[in-house]
Every structure is written in structure tokens, then in C-alpha cells.
Amino acid sequence: MFYQLDFSAEVIAWYRENKRNLPWRNTKIPYFIWISEIILQQTRVEQGLAYYERFVERFPTIENLAAANEDEVLKLWQGLGYYSRARNLHFTAKTICKNLNGKFPNNYAEIRKLKGIGDYTAAAIASFCFNQPHPVVDGNVYRVLSRVFGITTPIDTAKGKKEFYALAHELLDSQKPAWHNQAMMEFGAIHCTPKNPACASCIFKSKCIAFNKKIVKKLPVKAGKTKQRNRYFDYLIIKQNGNIFIKKRTEKDIWKNLYEFPLIENKKQMSENNLIKSKKWNELLGKSRYHIVKKSSIYKHVLSHQKLFTRFWEIEVSKPHKKLPDSFIPIREQALGKYPVSQLIANYLEKNLCKQNI
DNA sequence: AACTCGTGGCG
DNA sequence: TCGCCAAGAGT
């Protein structure tokens, strides 16, 4: 069907003509490639681009990143999601500076050991920066290969991963791994797209099995189904002597190490009356004299595995009868903007408080 | 090996 | 409106 080098040469030729000019494509410095790869995990280029620019502007070297506070790193990441990426990025920057004299490892095996770097990212860095012949197998590559070669094995199974990796490895031009890998991904990203792929003008039109069998839309196959659960949040924005209280999320849960207002979570939607009479409400406000300044409508916030239903309560406390635990940090409202928060909270702040607080 | 971790855009 | 899903990794 294909001679390996024909396939590679064709996709590389396409890439030379069609590639986008992106900032991380004008460098081979591993630090920059690394940042871009982490940002782009499960993220569209259009969404990640501005984050990349801000990130390398603020942290031009790995030493700058290693020296930063995690709060600031997360603040730069705010709104991008999957915050463990930022935490691991920061962790690994510190590791490299402390243990490797600030020098990024220059081969696949050593790169792969770093926290936050899996098979894909290790192959990307090793091939882009050091021209090592490791094939990248990301969502784009799965899509292109499953279609062109008509592979119906689900990509989210061990069997599928093995099969696609073997094929990707077979097709790789070991003399041009950087060009080959970038070409494969770019082709998937802007030509062989998930929806409305440009089959009519495709370089593989005559050979593409999916096109000729008219099953392009069915590929790639995924076995897994994502099930969502519902969660019900009530955030209490407690204002006291010009301060408001925030708390860091440290549990193993969504938004780890981001900040939020005092939270009451319930397994079912609770009526306002029952909430105000609840034990948790009482624990936060005790027998304080307070009044509810504002209560919001229900914000719906959708995550990959959860759907959150959230109310915000702005509460002015005139006579506190109880000191909140030390885990609640009193801050001036204007200082809120320094703390990394979830997009859910950022959305509320944008609508209800001033923009400088975001 | 399944499950978990965000967000925004699109049809 | 809703499900899909985008340059994945950790546990």
C-alpha cells in the first residue's frame, strides 16, 4: 500500500506548504518546546497560544520558572484547565535546576522520566530538539492513521495504543523525525480534522481506506464513554471589616491548589431555606449577625467528568461570633486578583465584582 | 486498567 | 441543548 518513505515524504511535502507559523516552531530550545507541549496537551492551539506567549515572557528561562511561587505559576495557567500540568511543570523545573544543573535532558529515556512528561511529550521533545527517531502518537496521529489505513481498533485501549504506535514507528522517517512528527500532527490538526475533514483536496485521497469505504466519520473508534456526575456548590463570600475570606483547595480533587471562597457542598440540590438552616452554614457563620447582600442564580459549570451547580452568596457580617479556622485567609477584596481561581469563580467575579479582581 | 483531571468551540 | 473532543499524564 505505502512504502514508508513515500508516506513520510508526502506528508512532509504537504507540511512545508501548509504549516502554520507558530512561535514554538522557531526554536529548538528544549525549555520552550517543553512549555509549548505541556500547554497544548488536550488543548487547541488557538486557546493555548496566548498562554504560551505570557508564560515564556514571564519565565524566559527554566531558572526563572524554578524560582517562582506555585501561586504565580497557577495564576498564569488560570483558565487553561488541567492544572496538574502547571504544578508538574513547576515541579520538574525545580528538579532540573536542582539535580541536573539546569540542563534539560537530551535523550528520550531521560526526558521520559520527568514528571508530567509521558510517551507523547517525551517523543515530541526528543525528536524536535534532538532529532531522535521517536514517533509521536497524539490525537492527531491516531486520527490520521486510523483513517488512511482504515484501522478500527479503539484508540483508548492497550491493544489500540500498541497497534498505532507500531504503525507510527514503521512510518517514521528516522532521518527526519522532527519534520515527520510535526507534519503528522499538523496534517491532523488542520486537514484531517475530526469534523469536516478536507477529503476532497487530500493528498491521500486515492489511498485513504476510510475515504474509499466512506467511513471517515466513524474513525477513529473510541471504546470509552465518559460519565458525568453532578455536584452542588454554595460559595459564601463572607465580608467582614472590609475583608473577604478565601481558602486553598488542597484535597485530591478538581482545582487542586487553586483558591476559592468558603464552600458548602451537597450531594443534592438543597433549597435555600434548608441551606441556611444547615449545619455547614452554621459552622461558617455561627451566631454572627449578618445579612445576605446578594444571592446569585445557579451557575452551571461543566467539566470533563462533572457538572457543577453553584450558587454564590455575598454576606456582610457585622458582628462575628466565631473565628473562622486558620485555613481561611482574610484578604482585601482588591487582592483577590493575585490568587489563582477556577474559571467558575473567575466567571462570577467578572459579572459581579470589578475586573481588577480577576 | 479504569478513572480522574478543565475549558471552550463546534455542529 | 448537548455530546464530542483538542499536541495526555498520573494514579
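Excluded from the calculations below are hydrogen atoms, water molecules and symmetry mates; all remaining heavy atoms, backbone and side chain alike, are included. Order of the sequence lines fixes the chain letters, A, B, ..., with proteins taken first and strands second; residue numbering starts at 1 for each chain.
- Atoms CD1 (A/I117) and P (C/dG8) sit 14 Å apart, rounded to a whole Å.
- Atom CD1 of A/I298 sits about 8.0 Å away from atom CZ of A/F309, to the nearest 0.5 Å.
- Atom CZ of A/F187 is separated from atom C1' of C/dA6 by 18 Å (rounded to the nearest Å).
- Using a 4.0 Å heavy-atom distance criterion, A/R20 is classed as a base contact.
- Listed nucleotides B/dC3, C/dG8, C/dG10 differ in distance to A/T121; the shortest reach to its side chain belongs to C/dG8.
- In this structure, A/Q228 atom CD and B/dT4 atom P are separated by 12 Å, rounded to whole Å.
- Residue A/V45 is classed as a base contact, given a heavy-atom separation below 4.0 Å to a base.
- Counting heavy atoms from C-beta on, the side chains of A/E265 and A/Y232 never come closer than 4.5 Å.
- Between A/W255 and A/Y83, the distance separating the two ring centers is not shorter than 6.0 angstrom.
- With ring centers used as reference points, A/F328 lies 6.0 Å or more from A/F261.
- Following rounding to the nearest Å, A/E37 (CD) and C/dG8 (C1') show an atom-to-atom distance of 11 Å.
- Partners of A/I276 under the side-chain contact (heavy atoms from CB on, under 4.5 Å) rule, at least two apart in sequence or in another chain, are A/W281, A/Y290, A/I292, A/W313.
- Using a 4.0 Å heavy-atom cutoff across all strands shown, A/W24 reaches at least one base atom of the nucleic acid.
- Ring to ring, A/Y299 and A/Y348 are close: their centroids are under 6.0 angstrom apart.
- When rounded to the nearest whole Å, the span between CH2 of A/W77 and P of C/dG8 equals 13 Å.
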### Summary
Per-nt protein contacts along nucleotides 5-11 of chain B (heavy atom under 4.0 Å; B base, S backbone sugar-phosphate only, - none) come out as BBBBBB-
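- Following rounding to the nearest Å, A/D156 (CG) and C/dC5 (P) show an atom-to-atom distance of 10 Å.
- B/dA1 and C/dA6 have their P atoms separated by 24 Å, with the value rounded to a whole Å.
- Protein atom NZ of A/K161 is 12 Å distant from nucleotide atom P of C/dG8, rounded to whole Å.
- For the P atom pair drawn from C/dA9 and B/dG8, the interatomic distance equals 22 Å after rounding to whole Å.
- For A/D173, the salt bridge (charged side-chain N to carboxylate O under 4.0 Å, His left out) criterion is met by no residue, not counting sequence neighbours.
- Per the geometry, CD1 belonging to A/I111 stands 18 Å off P belonging to C/dG8, to the nearest Å.
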